[in-house]
There are 2 protein chains.
Amino acid sequence: MTKDMTPLLGYRLKLAQHALHRRLEAALKPLGLNPAQYAVLAELNARPDQTNADLAERAFITPQSMQGVLAKLEDSRLVERRQDVRHGRRQLARLTPEGHVKAEAANAEVMRVEEVLEAAVRPDAIQDALDLMERLHSAMCR
Amino acid sequence: MTKDMTPLLGYRLKLAQHALHRRLEAALKPLGLNPAQYAVLAELNARPDQTNADLAERAFITPQSMQGVLAKLEDSRLVERRQDVRHGRRQLARLTPEGHVKAEAANAEVMRVEEVLEAAVRPDAIQDALDLMERLHSAMCR
DNA sequence: CTGATAACATCAGGCGCCTGATATAATGTA
DNA sequence: TACATTATATCAGGCGCCTGATGTTATCAG
């Protein structure tokens, strides 16, 4: 007989991340963004002029999926794409001024969630928690 | 300027869970199951005769989504649903004999992944890790 | 008993991410 | 130069989960 799932690390990891995801969705919804769109805005804010392929890799989704994300951000005039002068195929994405404002606002919301998350951990244990997540991540990628 | 996401607990939580999910998908694929289907088989193995609504709640998805999961499991003859004798509307789901075999096989695969996950943590720190996940989950649900 | 409310199953449509296929430009190699 | 390989963007279709709407059955209040 299969036992109760509750004491499994994988199960609890899933639960925690699922709740976080819902929370982020709720926090970003008033801004008209979803977590994937936020991730792109934040990434382009930190490093402008990246290609669709670059952004996809950093966000851990496929280029095909990122295509859809970028298309919507372009429709919303938060991101613009230009032909790379040196390459005929590459298109470099960057934030519009409006996109920059939106990115900052979204980041504030996300940081608010992050603070709630960190408040659940003893201050001196946050680094341990970060290390734990990294170890779990590495173990699953091997 | 938005900073690097790497040191954020939320970001690393997402990364770890994402990798776990991919790993589970890969482990279950040879059995013809996805993580959601596995969750239902495991749940019905532990507690037979649950309704669609019950299963949805335990799996943290909507009844509408669980409907699709159950329909596929029925098509695969791993689960069967019968009218509840006392209620005209409720349908109670349970494993078929074939479903029971599949559930056990899937559970073995999932436990193998769980072992890899736990191996990434010092043995005396597993309970701390479980507690951490629970605190993060609770913090996000409030 | 009657009518309102809640629980349950289910259909329809949308969104996000996936895989597979295709087209084009850049790059490496004979 | 010519050709194969790689990188990039993009279209098409599938799958899983979502919200909204609908119909049916239990349950409860009067």
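Residue numbers begin at 1 in each chain, while the letters A, B, ... track the order of the sequences. It should be emphasised that the depicted structure is a prediction, and the values quoted were computed from it without experimental measurement.
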* To do: Have a look at A:Gln91 and say if it touches a base, only the backbone sugar-phosphate, or nothing, with a 4.0 Å heavy-atom cut-off.
  => sugar-phosphate

* Asked: Hey, does the side chain of A:Ser65 come within less than 4.0 Å of C:dG16's phosphate (OP1/OP2), counting only N and O?
  -> no

* To do: Look at the aromatic rings of B:His137 and B:Phe60 and report parallel, tilted or perpendicular, splitting at 30° and 60°.
  => perpendicular

* Rounded distance in Å - CE (B:Met66) to P (D:dT19) -> 15 Å

* Heavy-atom side-chain proximity of A:Leu78 to A:Val40 below 4.5 angstrom -> no

* Measure the distance from CZ on A:Arg89 to P on D:dA9 and round it to the nearest whole Å. => 8 Å

* Side-chain N or O of A:Thr62 closer than 4.0 Å to phosphate OP1/OP2 of C:dC17 -> no

* Structure fact -> Between CD of A:Gln67 and C1' of D:dC11 the distance, given in whole Å, is 10 Å

* Considering only side-chain heavy atoms of A:Arg22, which listed nucleotide, D:dT10, D:dC18, C:dC18, is closest? -> D:dC18

* Asked: Over how many whole Å does the gap from A:Asn52 atom CG to D:dT10 atom P extend?
  -> 7 Å

* To do: Take the protein atom CG of B:Leu92 and the nucleotide atom P of D:dT25, then report the distance between them rounded to whole Å.
  => 16 Å

* Asked: In whole angstrom, what separates A:Glu57's CD from C:dC17's P?
  -> 17 Å

* Spacing between B:Glu74 atom CD and C:dT10 atom P, to the nearest angstrom -> 8 Å

* Asked: Where the side chain of B:Gln64 is concerned, which of C:dC17, D:dC15, C:dC11 is the nearest nucleotide?
  -> C:dC11

* Does a side-chain N-to-carboxylate-O contact under 4.0 Å join A:Lys72 and A:Glu74? -> no

* Structure fact -> Rounded to whole Å, the CD-P distance (B:Glu25 to C:dC18) equals 9 Å

* Do the side chains of B:Gln50 and B:Glu43 get nearer than 4.5 Å, heavy atoms only? -> yes

* Under 4.0 angstrom between A:Arg90 side-chain N/O and C:dT27 OP1 or OP2 -> no

* Are B:Glu80 and B:Arg82 close enough for a salt bridge, meaning some N to O gap below 4.0 Å? -> yes

* Structure fact -> The answer to which of A:His87 and A:Pro63 contacts DNA chain C further toward the 5' end, by nearest nucleotide, is A:Pro63

